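One is the number of the first residue; the rest follow in order along the sequence. For the numbers below, each heavy atom of this structure counts, side chains included, while hydrogens, waters and symmetry mates do not. Everything numeric here is computed off the predicted structure, so don't read it as measured data.
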Amino acid sequence: MKTYIFSLLLLIILSFIGFSCSSTKKSNAEESITADALNQDTVVPDTFVLPYVPENLTSSEARADYLVINYWNRFDFSDEKLISRPEITEQAFVDYINILAYVSKTKADESLVKTLKKAEQNVAMYTHFVGLFDKYFYQPNSPFRNEEFFIPVLAEVLKSKKLPETEQSNYQFKYDLVMKNRVGTVADNFQFTLDSGQTQSLYGINSDYLILMFANPDCHTCAAVTAQLDGMESLKKAFSMNSPTRTMITVLTVYPDGNTDQWKKHLPKMPQHWINAYDKGMTITRKRIYDIKAIPTLYLLDKNKKVILKDTSIEEIDRFFSARIKAVKKVIILE
């Protein structure tokens, strides 16, 4: 899958005070626009042009807010030919979703809804933009994956009823999944089974932090992630803080599928200081308790099983524990 990269808007954001207007893609049509025309938020055909940001908006926050809300003012949503011009449309889209990180969540949500409403003027373009949001905010291999941004998109799609019923059903299904186990909410409980046959529950684990990993024994990526986590210095230090009276970190791996013979055969290769288990009745998969869109899927939970990181990466986990260990050491020094 081809991924478009952040082009020049990061530089624009970082130098917002001097910003007037620019473009993610130069074209003959754009070069022919006069200076007076550039100062108007008029639609420009066959290209993408950023909106003019009023000079009276002097703070970077105000200029970022204006840009993200008015980003698509000059884009011709009625021109279906632009769907097949990814160097214009999709590149502008990638630049757009990067800007969302520079504004408040409220302002980002407002912008996302406004973008979809603008796209409603053409069904083909609307379908294309919904697909782009799905591709970049939801698909597991996207570097911009962000379910919190995808939620207002899905809510608007389901409200608008612009898509065929089959597609509406698909997005309803995704909406139901992304609303499960969101960051800041308490993760759903479930039962898991150990190699001994003993059954335990997620809520029964007493640990300050819990890394939950859904994995498969014949998954090469799972093996690589397991090795990286087990060798991670920040996790080693966290494990060294475990004591008979307090557990700082626990790693729980759960095999969500049904071939337990394969799982047991692979078990000796797993770190023995982790809890390695399987879902005996495949309840997690059957009842869709967790959104496991790809294997492995990683969560980080606190001692109350509140979600800190959802469907996260090993890099994010490493950053979290590196910062946590520094904070603990600072407290010890102060004491």
Side-chain angles (χ1 to χ4, degrees), residues 1 138-142 145 177 180-181 187-244 247-303 305 307-318 320-321:
M1 177 178 70
Y138 185 71
Q139 296 306 314
N141 293 324
S142 170
R145 185 160 46 99
L177 283 179
K180 293 178 179 289
N181 305 301
D188 289 331
N189 195 21
F190 61 85
Q191 304 288 316
F192 58 84
T193 304
L194 304 176
D195 185 38
S196 64
Q198 180 185 8
T199 298
Q200 297 182 9
S201 72
L202 180 72
Y203 286 7
I205 298 175
N206 185 15
S207 181
D208 288 354
Y209 299 101
L210 171 65
I211 296 174
L212 170 62
M213 179 167 75
F214 296 102
N216 193 308
D218 62 356
C219 162
H220 296 297
T221 304
C222 297
V225 169
T226 296
Q228 286 177 281
L229 283 174
D230 193 35
M232 192 179 291
E233 286 302 316
S234 60
L235 282 192
K236 288 181 178 179
K237 291 176 182 177
F239 269 107
S240 71
M241 296 179 183
N242 288 351
S243 70
T247 302
M248 179 176 180
I249 177 69
T250 299
V251 177
L252 168 65
T253 68
V254 178
Y255 172 52
D257 298 323
N259 191 343
T260 54
D261 289 339
Q262 184 184 39
W263 174 80
K264 289 183 178 182
K265 184 178 179 181
H266 181 77
L267 199 54
K269 299 179 182 179
M270 297 297 293
Q272 298 307 297
H273 57 293
W274 293 6
I275 301 175
N276 300 296
Y278 65 96
D279 181 10
K280 187 174 184 179
M282 295 181 62
T283 306
I284 296 169
T285 302
R286 286 190 299 101
K287 294 186 177 182
R288 303 192 184 279
I289 299 174
Y290 284 76
D291 182 10
I292 310 175
K293 64 175 68 71
I295 293 290
T297 294
L298 290 162
Y299 285 75
L300 176 62
L301 314 179
D302 71 9
K303 62 181 178 180
K305 305 303 178 287
V307 180
I308 300 172
L309 298 172
K310 176 184 178 180
D311 198 3
T312 190
S313 65
I314 53 177
E315 292 80 12
E316 284 294 322
I317 290 174
D318 186 28
F320 178 87
F321 281 102

Start with the C-alpha distance between Leu229 and Met213, add both sets of side-chain angles, then the distance that settles side-chain contact (heavy atoms from CB on, under 4.5 Å), and finish with yes or no. CA-CA 11 Å; Leu229 283 174; Met213 179 167 75; 4.3 Å; yes
Contacts table for residues 194-206: side-chain donor-acceptor under 3.5 angstrom, sequence neighbours left out:
{"unit_1": "Ser196", "atom_1": "OG", "unit_2": "Gln198", "atom_2": "N", "d": "3.3"}
{"unit_1": "Ser201", "atom_1": "OG", "unit_2": "Gly204", "atom_2": "N", "d": "3.1"}
{"unit_1": "Tyr203", "atom_1": "OH", "unit_2": "Ala187", "atom_2": "O", "d": "2.5"}

Only counting residues at least two apart or in another chain, list the ones meeting side chain to side chain donor-acceptor pair (under 3.5 Å) with Gln228.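 By the side chain to side chain donor-acceptor pair (under 3.5 Å) rule, Gln228 matches no residue at all.
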For Ser234, which residues count as a side chain to side chain donor-acceptor pair (under 3.5 Å) partner, sequence neighbours excluded?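 By the side chain to side chain donor-acceptor pair (under 3.5 Å) rule, Ser234 matches Asp318.
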Which pair of heavy atoms, one from [X] and one from [Y], lies closest together, and at what distance?
| X | Y | answer |
| --- | --- | --- |
| Lys180 | Lys310 | O-NZ, 2.7 Å |
| Thr193 | Lys280 | OG1-CB, 3.5 Å |
| Pro296 | Cys219 | CD-SG, 4.2 Å |
| Met270 | Asn276 | CE-OD1, 3.5 Å |
| Arg286 | Gly281 | NE-O, 3.0 Å |
| Ile295 | Pro256 | CD1-CG, 4.5 Å |

Just so I know, are the side chains of [X] and [Y] near enough to count as touching, which here means a heavy-atom distance under 4.5 Å?
| X | Y | answer |
| --- | --- | --- |
| Asp218 | His266 | no |
| Val251 | Phe239 | yes |
| Leu301 | Ile308 | no |
| Asp311 | Arg145 | yes |
| Leu309 | Leu298 | no |

Roughly how far apart are [X] [atom1] and [Y] [atom2], rounded to 0.5 Å?
| X | Y | atom1 | atom2 | value |
| --- | --- | --- | --- | --- |
| Ser243 | Met241 | OG | CE | 11.5 Å |
| Thr247 | Lys303 | OG1 | NZ | 12.5 Å |
| Ile317 | Leu235 | CD1 | CG | 7.0 Å |
| Trp263 | Thr253 | CH2 | OG1 | 7.5 Å |
| Lys237 | Met232 | NZ | CE | 12.5 Å |
| Thr226 | Ile314 | OG1 | CD1 | 10.0 Å |

What residues form a ring-ring contact (aromatic ring centres under 6.0 Å, His included) with Phe321, not counting sequence neighbours?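 Residues passing ring-ring contact (aromatic ring centres under 6.0 Å, His included) with Phe321: Tyr209.
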Partners meeting ring-ring contact (aromatic ring centres under 6.0 Å, His included) with Phe190 (sequence neighbours left out):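 Partners of Phe190 by the ring-ring contact (aromatic ring centres under 6.0 Å, His included) criterion, ordered by chain and then number, come out as Tyr290.
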Would you confirm whether [X], through its side chain, and [Y], through its main-chain N or O, come within 3.5 Å as a donor-acceptor pair?
| X | Y | answer |
| --- | --- | --- |
| Asp230 | Pro271 | no |
| Lys305 | Leu210 | no |
| Tyr255 | Asn259 | yes |

side-chain contact (heavy atoms from CB on, under 4.5 Å) with Lys287: which residues, sequence neighbours excluded?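 Only Thr283, Ile289 meet the side-chain contact (heavy atoms from CB on, under 4.5 Å) criterion with Lys287.
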Asp257 and Asn216 side chains, donor-acceptor separation under 3.5 Å: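 Their side chains do contain a donor-acceptor pair, which is all the 3.5 Å distance test asks for.
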Apply the side-chain hydrogen bond (donor to acceptor under 3.5 Å, both in side chains) test between Ser207 and each candidate in Thr250, Asp302, Asn242; give the one that qualifies.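 With Ser207 as partner, side-chain hydrogen bond (donor to acceptor under 3.5 Å, both in side chains) holds for just one option, Thr250.
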Would you say that more than 12 heavy atoms from the other residues, nucleotides or ligands in this model lie under 6.0 Å from the NZ of Lys293, or not?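 Correct, the count exceeds 12.
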